[in-house]
Each structure stands twice: as structure tokens, then as C-alpha cells.
Amino acid sequence: MSAVMNRNTQPSKYGATRGAIQIKNVDKIYDPEGAAVKAVDNCTLDIPAGEICMVVGPSGCGKTTLLNAIAGFHSITSGEITLDGELLCGPGKPQAEPGSDRVVVFQNGALFPWKTNLENVAFGPIVQGKMSKKEAYEKARSLMADAGLGRSERNYPGEISSGVRRRVEIVRALMNDPAVLLLDEPYRALDSLTKSVMHESLLETYYKNKVTIFFITHDLEEAIFLGHRVVIMTSRPCRPKKILEVDIPHPRDYNALTSTRFRELMDETMDAVHEEAVKAFEAGEKEG
Amino acid sequence: MSAQVMTHQMPGPGRLRKMMTNQRFYRAITGILVFIILWEVGARSEQWAGFAFPWIGLVPPPTAVLGAWSTVFVESSYWMSWLQSFGRVLAGFTAAVLLGVPLGLAMAVSRTFNGLAFPTFEVLRPIPPLAWVPAAIIFWPTQEMAIAFVTFLGAFYTIVINVVGGAKSIDIRYFQAAQSMGSNGADIFRRIILPGVMPSIFLGAAVGMGITWEVVVAAEMISGGGSQIGGTAGGGLGFFIWNSYLGGSYELIVVGMISIGIAGYLCSSTIRKTGTWATPWKRLR
Ligand SMILES: Nc1ncnc2c1ncn2[C@@H]1O[C@H](COP(=O)(O)OP(=O)(O)OP(=O)(O)O)[C@@H](O)[C@H]1O
Ligand SMILES: [Mg+2]
């Protein structure tokens, strides 16, 4: 395992040495013997180490399916996915092993309600046996303090606002020192003000710690503001329809939102997404 | 993000003061007082109206009940009834928890075991515990064991069903998150499933405790004083009521009923308190 990882010590163009994901000709058919719903169709996508890769596409097109395949929650039907050259899933191994190198942050959050925020953050290294409880709590404390979450340490997730919960969850993910963060519409339920705080905090975290970010969203502004690239998926079954390079230099702040280049990119994305959304809608009409 | 940090609500000396100034507290007191006064007035209807009101006119008035209570209050046999019923409830209930929780967890965790055990369980479950009384008396060596067994059944099914349901309703994202952070099966059981079903365990236990009291009282009434079958068995609050009925002391019947009410309340509030203590994260919402 380490032999493969060590081979690739050249930093990527984003300055990261691990976390490169290659998705090659991936198909995913749900329930092949029965309804046979094709969710992903011949999807190929190359994500360099340390990239913020934003994924947008019509509702139900298969984005979560792709994320679950990378995370190892579901199998794929054909094709292969590798992480830093190492096979996650592919021929002979339909489902990847879930692992702390690819930590998922879910749409509605999945902090364990029965653990305090600090215990949540310390969870990964403790179960992996990488750190003693004491070390894990110490590191969790310092990460939370860095993220401005020190005040919420002793609270249960149920006691803090949803924005803070999301930040705690991202800190919990980073605690595992992952190569890839898999985010499935993490900020969907947040109001736009909280969202903008989340974006700044995510970027700040990213600048400190260049992990690859695979980020699914419906919010085009969010996609362009955060991403190095925006992958626009086709309607179901999904595959990249268009990949947009966001040539606004990082580090970015909120002034980027008002630049002309930003508006141009928005228009471009909007057109592509709209086209697919209409297709998805019409397909839905036919099925219905 | 204004309500970022809420404070824990700590029980303390402030709570009594809060209760004393609480409108709901006074409403409850008023309600109970009105109930008792109506009861007293209704029960004495024959004295002041010349005829007994239907139903309530036949019930002994609270003052008479209180009088009867004060006489049995100093008798050890009355407290013996408490002790006997409590002993049976605790024995049956404890056995139900000790067997029901692991069984429920096993059924929730293992599909194979669920497939094997669930059908039998579902066939036996609809049989009311009291329907077991005759069979239990036959196949348990002592009557005491028979009563405890029937009591056990009362809580057992509820606890198992709640544990299975509670485990099934744990959000799949918690499992995925735990896996994605490198948990193995044992971690998931200990750190996700156990705390995840904890609220359901206490819910099942609270409901089960209620059923336990219902069952024990009925079983005590059915089994009688125990003199006819097995020596020291028998007694208990259920038998206390039954015996008062046979002796024609209506006041003591009501004393027995209220005693059971108090006993049941003490048990379920103990479970509720334990539940609150064991699931601190539920306190806050
Ligand atoms: N377990 C499953 N079994 C069968 N079909 C499924 C399953 N999961 C998802 N699907 C179907 O696959 C398609 C893609 O679902 P997926 O959740 O990946 O879409 P999505 O792009 O994430 O949608 P959204 O934007 O609404 O989150 C949908 O049509 C969905 O109904
Ligand atoms: Mg989705």
C-alpha cells in the first residue's frame, strides 16, 4: 500500500501529494435483475490531488450514487475508481472498503447525537486505535479551537445551531487526516448568510490543509465560488456533461462574487445546468 | 447563530421555587382538590341528598379511605403486601430487561438470528400474559415463580419490540459515518447501536413496567392467598384488594388501589429518571 503512495510524492498543481481520484468508465445500475435503474453511465473523471472539485447536476441524476461508490457505501456495476493509483473498486472488487482516507460529510449532518461535539471530533483516531483517548481529545480540542469552535466542545450536537454543527462535522472529518473529503450537499439546509460563513471557513481550512474535496451541490454560486473546477453532470444516468475551469485565483474571498468573470462563469454554468434540468424534467414527465 | 450555546438545565434549589411559582403546578393542585371534594360530596350523597347517587354514591368517601388507611398503615401485613408485589415486579421486570435487551439486540444485529427467532416471537407475543397463568402454575414448581414468570412476560415483549424497533430506526448515516471513520463491527455495536437504542430501551422499560404492575395485580388476585397451593406464596397488593373485597371492606379496596397507583408511579418515575440520566443528549431538546 505505502509503496504505491510513495511513488507519487510529486506535489500536484494544487500543492498536494495525495488524494488523486480517478474515475474510469464507471457504470452503476441499481437493482439489475429488477427495475434496473441506471444511475451512472460510463462516467470518467480525473480529480488531481488537492483539487476542490464541485459537482452539480439535476436532482436524482446520480451524484450521490457516485459519491457513495467512492466512499464504499455502494458497489459499482462496471468501471473502476482509484485513489492515488490504488484500486478502490473495479473489476473483481465491486465495492470499495470504507476508510478514513475518504471521509464523508452528509447533507443533513451525521454527528452522533449521543456524543458531545468533542467526543464526535475525537471519534476517528480512537476507533482506529491511532491515538490514545487522551491524545485524541487533545488534538480534537486544538482543531476545534483553531476552527473557533472551542465554546461548543462540551455541548451535544443537538444544542448547537446547524451551521456550527456542519463546521464541527468538517473538523471531525479532518481529524482523520483524510486524503479526500466527500461532501454531499453539506450546506443545503443553511440560510445564505450562514452559508457564506461556512464557505469562508471551509476555504480557510483548505488553505491550511490541502485535501482533495469532492463537493456535491445544487447551488451554482457556491460551486463557482469554492471550486477549482465545476463538473456539470447530465441528467440521469449521470456522466460529466461539461467541466468548467474556474480561473479565478485562490485564495478567494467574497469580492470574487461581484467580479465580471464570476458572472460570466455563472451564466455559462447556468445554461448547461438548465439544459440538463429541462431534460431531467421531461424524462420525469414521461416516466410519470 | 445566536443560540450557539445553550446552558444545561441543572436541577437544584431553584427548581422548587420555580415549581411553587408555576401556574401549571397550581392548576394540578386545584384539579386534584376539586376531584377529591367532588368524590367526598358524591360519596356522601345518601347522607345529604337522601339517596345514593348512582355509582359514586356506593364508593367510600376519601375521608373514610384515609381513616382505613391510617389503621392499616401501622400494620406490618399491609407493608408486607407492598414488599411482595414489589419483589415480584422487580424479579419479573429485571429478568425481562436482562433477557429482552440482548435478545432484541441480537434480533436487530443478525439477520439470520432475526429470521430464526422473529416468527416464533411474533406467534407468542399476542398471547396476553394472563392467559399464561394456568399453564405457568402447572409448569413452574412454585406459585411464586409462576407469578414472577407471568410478570416477566408482561414486560418482556414490549422491551424486545422496542429494542428491535429502536435499532432499526437508527439513521443509516451514523453507520456510514462510523464506517468511513474506520470503525469495525465491534465499534459500531458499542458506539453506535448501543447508544442509539438506549432511548428505546428506556421507553420499552417504562411501558413494560406499567404492564408488569397490571399483570402482577391480576396474577395475585387469581392465585389467591396461596394457602391452598404453596405455603408462603400469595399475598401482595393484588391479593390485598381481593381480600378486602372478600371481607367486604370497601375502604380497604380503595386503599389497595391507591397503593398500587403510588407503587406504579414510583417505579415508572424511577425508570424515567434513570433514562434521563443514561441519555443526557436527550435532555436538551
Ligand atoms: N438504493 C437505490 N436503489 C434503487 N435506486 C436508487 C437507489 N439509490 C438511488 N437510486 C436512484 O438512482 C438515481 C440517482 O440517485 P442519486 O441519489 O444518486 O441522485 P442525486 O444526483 O444525488 O440526486 P439529488 O440531487 O436529489 O441528491 C435516482 O433516480 C434514484 O431514484
Ligand atoms: Mg444526492
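Note on naming: letters A, B, ... go to the chains in the order of the sequence lines (proteins, then strands), and numbering restarts at 1 for each one. These numbers come from a predicted model, not from an experiment.
- Heavy-atom contacts from other residues, nucleotides or ligands closer than 6.0 Å to NZ of A/Lys93 number more than 12.
- Counting heavy-atom neighbours within 6.0 Å of A/Met131 CE, excluding the residue itself, gives a total above 12.
- In plain terms, the two heavy atoms of A/Trp114 and B/Gly196 that are nearest each other are CZ3-CA, 3.8 Å.
- In the displayed structure, B/Trp140 atom CH2 is contacted under 6.0 Å by at most 12 heavy atoms of other residues, nucleotides or ligands.
- Counting non-hydrogen atoms of other residues, nucleotides and ligands closer than 6.0 Å to CZ of B/Phe35 gives a total of 12 or fewer.
- Ranked by non-hydrogen atom pairs under 4.5 Å with chain B, the options A/Lys130, A/Lys115, A/Arg102, A/Arg172 are led by A/Arg172.
- Of the two parts of A/Leu182, neither the backbone nor the side chain holds a non-hydrogen atom closer than 4.5 Å to a non-hydrogen atom of chain B.
- Both the backbone and the side chain of A/Asn108 come within less than 4.5 Å of a heavy atom of chain B.
- Heavy atoms from other residues, nucleotides or ligands lying under 6.0 Å from CG of B/Leu33 number more than 12.
- For B/Tyr265, the OH atom counts as loosely surrounded, since its 6.0 Å shell holds 12 or fewer non-hydrogen atoms of other residues, nucleotides or ligands.
- Annotation: residues 174-192 of chain B contacts chain A through B/Tyr174, B/Gln176, B/Ala177, B/Ala178, B/Gln179, B/Ser180, B/Met181, B/Gly182, B/Ser183, B/Asp187, B/Arg191, B/Ile192 [non-hydrogen atoms, separation under 4.5 Å].
- Within 6.0 Å of NZ on A/Lys208 lie more than 12 heavy atoms contributed by other residues, nucleotides or ligands.
- Taking chain B as the reference chain and counting heavy-atom pairs below 4.5 Å, the highest number among A/Pro178, A/Pro125, A/Ala110, A/Ser162 is found for A/Ala110.
- Around atom CD of A/Glu97, no more than 12 heavy atoms belonging to other residues, nucleotides or ligands sit under 6.0 Å away.
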